[in-house]
Amino acid sequence: MNAREILDLFKLRIGFAIALTALAGVAVAPGPVATGKAAAIVLAVLVASAAAGAFNQYVEADLDRCMKRTRGRAFASGRLRRGPGWLALIAALVVLATAAAAWLVNPWAAFYTFLGAFFYGVVYTVWLKRRTAMNIVVGGLAGSFAVLAGASAVSPAAALEPLPLAFAFILFLWTPPHFWSLAIACREDYARAGVPMLPVVAGNTRAAWVVFAGAVLLVASSLVPLAFGMGLLYAFGALAGGAIFLRGAWRLAADPGTASARSSFRASLVQLSLLLFAAIADRAA
């Protein structure tokens, strides 16, 4: 396997975003944290997320073959053959990440790290994706658990403080409008594969308005941390990112086509990136 195939198989682009989310959890938790513990939990979350991403592709090889966007993936295309060896490797990565978090950080950080991988790999991929249009709503908890894992690196109690909980809620609200934007762009693919994503069940127009409503709720929730001590750097990132996403979501609602859906999807990524980097920078300052 080359580097590109590894990046795709383990969904490392998503993994790095989840790891950044864990780092933001470290940053916003009250109290000091050792650099070693912060690095350990970020790496553990990255490895657990990578394992969940590979498991997602393993389980969904049949669906991926039906979709233009995913038919080139390693398991779907046949470049890699599914078998017990891959499941053993994936399980070993989750165990390694969880054990490392427990040993180097603390058991609560390990618990949240495991829950993040479990919700994406099992709850979303195995239980919900093929059954309900609400699949990504519950599956979105994977990002929330990454925030709590990072906050737990400061102390187990820190994860239950207002700021980490607020950011966990923000991540929970971010996932549906982010993913449903992509689902609108790929509606035909999901319909062909028989996956009941919201645009397939409700149509692009209704789904686009749900995305816009979700974006409004997300941006409003992203301002809540200002009431718990976040400063001007964070305010700038939250407002700038929120404006970008709201603009993209509004254009999608006005014209629910492929181009506007992809634009809304990209805007959601910009919004999250600005929010997380601003939160980290604000706390560092």
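This chain uses plain numbering: 1 for the first residue, then up along the sequence.
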Just wondering, do [Y] and [X] contact through their side chains at under 4.5 Å, heavy atoms?
X: Leu223; Y: Leu239; value: yes
X: Arg283; Y: Leu233; value: no
X: Lys11; Y: Asn56; value: yes
X: Val147; Y: Leu165; value: no

Between Leu23 and Val45, is a side-chain contact (heavy atoms from CB on, under 4.5 Å) present by the stated rule, with each step listed? CA-CA 10 Å; Leu23 182 59; Val45 167; over 6 Å; no
May I ask you to check whether Trp174 and Phe245 place their ring centres under 6.0 Å from each other?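 Between Phe245 and Trp174, the centre distance exceeds or equals 6.0 Å.
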For the side chain of [X] and the backbone of [Y], is there at least one donor-acceptor N/O pair under 3.5 Å apart?
X: Ser144; Y: Phe169; answer: no
X: Ser263; Y: Ser260; answer: no
X: Ser77; Y: Ala74; answer: yes
X: Thr21; Y: Ala146; answer: no
X: Thr98; Y: Val95; answer: no
X: Asp64; Y: Thr70; answer: no

With the 4.5 Å side-chain cut-off for hydrophobic clustering, are [X] and [Y] part of the same group?
X: Trp209; Y: Leu182; value: no
X: Val42; Y: Trp108; value: yes
X: Val201; Y: Ile184; value: no
X: Val211; Y: Met134; value: yes

For [X], does the [atom1] atom have more than 12 heavy-atom neighbours from other residues, nucleotides or ligands under 6.0 Å away?
X: Arg206; atom1: CZ; answer: no
X: Phe118; atom1: CZ; answer: yes
X: Leu232; atom1: CG; answer: no

Would you please test Arg73 and Arg79 for side-chain contact (heavy atoms from CB on, under 4.5 Å) and show each step? CA-CA 8 Å; Arg73 288 176 172 173; Arg79 292 197 311 278; 5.9 Å; no
Straight-line distance of [X] [atom1] to [Y] [atom2], nearest 0.5 Å:
X: Leu89; Y: Tyr58; atom1: CG; atom2: OH; value: 11.5 Å
X: Leu63; Y: Arg71; atom1: CG; atom2: CZ; value: 13.0 Å
X: Arg130; Y: Asp62; atom1: CZ; atom2: CG; value: 4.0 Å
X: Leu148; Y: Leu115; atom1: CG; atom2: CG; value: 9.0 Å
X: Arg192; Y: Met67; atom1: CZ; atom2: CE; value: 8.5 Å
X: Cys186; Y: Met197; atom1: SG; atom2: CE; value: 10.0 Å

Ring geometry between Phe179 and Tyr124 (parallel below 30°, tilted from 30 to 60°, perpendicular above 60°):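 Ring orientation, 0 to 90° scale: perpendicular.
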Taking the inter-plane angle between the rings of Phe119 and Phe145 on a 0 to 90° scale, is it parallel (under 30°), tilted (30 to 60°) or perpendicular (over 60°)?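 Tilted: the ring planes of Phe119 and Phe145 meet at 30° to 60°.
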Show the nearest heavy-atom pair for residues [X] and [Y], with the distance to one decimal.
X: Ala191; Y: Val200; answer: N-CG2, 3.8 Å
X: Tyr190; Y: Ala183; answer: CE1-CA, 3.8 Å
X: Ala215; Y: Ala249; answer: CB-CB, 3.9 Å
X: Ala40; Y: Val105; answer: CB-CG2, 3.9 Å
X: Val154; Y: Pro30; answer: CG1-O, 3.2 Å
X: Arg187; Y: Asn204; answer: CD-OD1, 2.8 Å

Criterion side-chain contact (heavy atoms from CB on, under 4.5 Å) on Ser152 and Ile41, from CA distance to verdict: CA-CA 9 Å; Ser152 292; Ile41 195 60; over 6 Å; no
From Leu93, Val94, Val126, residue fulfilling side-chain contact (heavy atoms from CB on, under 4.5 Å) relative to Phe55: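 Single side-chain contact (heavy atoms from CB on, under 4.5 Å) partner of Phe55 among Leu93, Val94, Val126: Val126.
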Only one of Tyr234, Phe172, Phe228 passes ring pair (Phe, Tyr, Trp, His ring centres under 6.0 Å) with Phe167; say which it is.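 The ring pair (Phe, Tyr, Trp, His ring centres under 6.0 Å) with Phe167 is passed solely by Tyr234 among Tyr234, Phe172, Phe228.
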Using the rule given for side-chain contact (heavy atoms from CB on, under 4.5 Å), can you reason through Val216 versus Leu246, listing the C-alpha separation, both sets of side-chain angles and the distance that settles it, and then say yes or no? CA-CA 7 Å; Val216 171; Leu246 285 176; 3.8 Å; yes
